Amino acid sequence: MRKIALAIAVAMVVIGGVAAYARSTQGQPGNGPSPQDRFGVQGAHHRVDRDLGPVDGRDLIVVDVVVGTDRIAVRYTASGIQPVQFEHINDNPVFAREGPTFITADADGKPLTRYDGTESSVVGSSAIQGEIVFLWQGGQLHRLNISIARIMGDGHAHWTATFDF
Amino acid sequence: MRHPAARMAQICRLPLTLFLAGLIPAATLALATPAEAAATYHPGAYSWHYVYLPDNSYQGADLNQADYYMWSDGTESVSNMYAGISRSSNNAGTTMIWSNAWLYNYDGTVPLYVYWARNDCGLGCYWSQNMWSGWKTVQAQSHYGITVHGIYGGCCRYYAEPTMGLWWP
């Protein structure tokens, strides 16, 4: 009687433990690349939330600016954008040369070099969210000027803005 | 001398405790049935990723597109993932090989590996490819996507190879 009860108990403990362990390991970090290493800019986070105002039915809000040790990330959302189709980007020689989105910036009077850019949306939608990343030599950022010439090939989407930190 | 029944109870107490301790998690896991989950469908979510060179020149754009269901049980199911490349016209003399695409979670896990390689398609060209048309269910809000490594001959990226990722709206 004692041996049987002990065997059953041990079996149940083992089964329960294995099942619990199997569940706990789901979703744990594996050997894949860390997207934060690729995309994330770590540093001083400035929540901006500045609406740059409607232009020809387009609107853009600079959501935040992150000043890292070697990069500056500017994140934004836009509405009313009429994107060029991806397969037709190169039909326009200006887009082919400069890209469908053209954003430049200078920090404390010095022009910044673009490092990376990402824009996301849903097919058929005019709302987009984006991020442009510039190289940065580090240090305190006092003033950031941003000039947006177009978003996703939409030349009506153009703004300039100055941010003081 | 103790009563035989009391002795039996004492003998059985430890294994009975172990039995109950094991029974609770086992029964919980065995009896737990997943609740039926509601879903919202997000067809055609896409991202464009722009690649620039250290001289500030535009190199090209990557496309990443997918359909996905967001389930109320904390998972997402993804399908119809497309990848595309739009080459810039100002990168003459550059050779690119795009390869090694996989899906990944932002926590670093790799729910699906899909190997894919394609050689340079030439200046100013565009192409896209269906990377994955089945369904794969992963954690919700996991920000999985496709990463593409580009190998440049004669020039290089300043920090890292170009990548593209799908950022869920």
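Just so we're on the same page: letters track the sequence lines, and every chain starts at 1. Just the heavy atoms: all of them, side chains too, but no hydrogens, waters or symmetry mates, feed the values below. This is a predicted model, so every value here is computed, not measured.
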Peer 1: Distance from A:E131 atom CD to B:Y50 atom OH, nearest 0.5 Å?
Peer 2: 12.5 Å

Peer 1: Under a 4.5 Å heavy-atom cut-off, does chain B meet the side chain of A:I132, its backbone, both or neither?
Peer 2: side chain

Peer 1: With side chains defined as the heavy atoms from C-beta onward, is the minimum distance between B:W48 and A:T101 less than 4.5 Å?
Peer 2: no

Peer 1: If you take all heavy atoms of B:P43 and A:V122, which pair is closest and at what distance?
Peer 2: O-CG1, 3.2 Å

Peer 1: If I compare all heavy atoms of A:P83 with all of B:Y46, which pair ends up nearest, and what's the gap?
Peer 2: CG-OH, 3.9 Å

Peer 1: Taking atom OG of B:S57 and atom CZ of A:R114, what is their separation to the nearest 0.5 Å?
Peer 2: 7.5 Å

Peer 1: By a 4.5 Å heavy-atom criterion (distance strictly below it), what part of A:F134 contacts chain B: side chain, backbone, both, or neither?
Peer 2: neither

Peer 1: Kindly work out whether a path of hydrophobic side-chain contacts (I/L/V/M/F/W/Y, heavy atoms less than 4.5 Å apart) joins A:I148 to A:F163.
Peer 2: yes

Peer 1: Any link between A:I103 and A:I81 through a network of hydrophobic side chains (Ile, Leu, Val, Met, Phe, Trp, Tyr) touching at under 4.5 Å?
Peer 2: yes

Peer 1: Could you tell me the separation between the CD atom of A:E87 and the OG atom of B:S86, rounded to the nearest 0.5 Å?
Peer 2: 9.5 Å

Peer 1: Between B:Y58 and A:P100, is there a side-chain heavy-atom distance shorter than 4.5 Å?
Peer 2: yes

Peer 1: Transitively linked via ILVMFWY side-chain contacts under 4.5 Å: A:V48 with A:I146?
Peer 2: yes

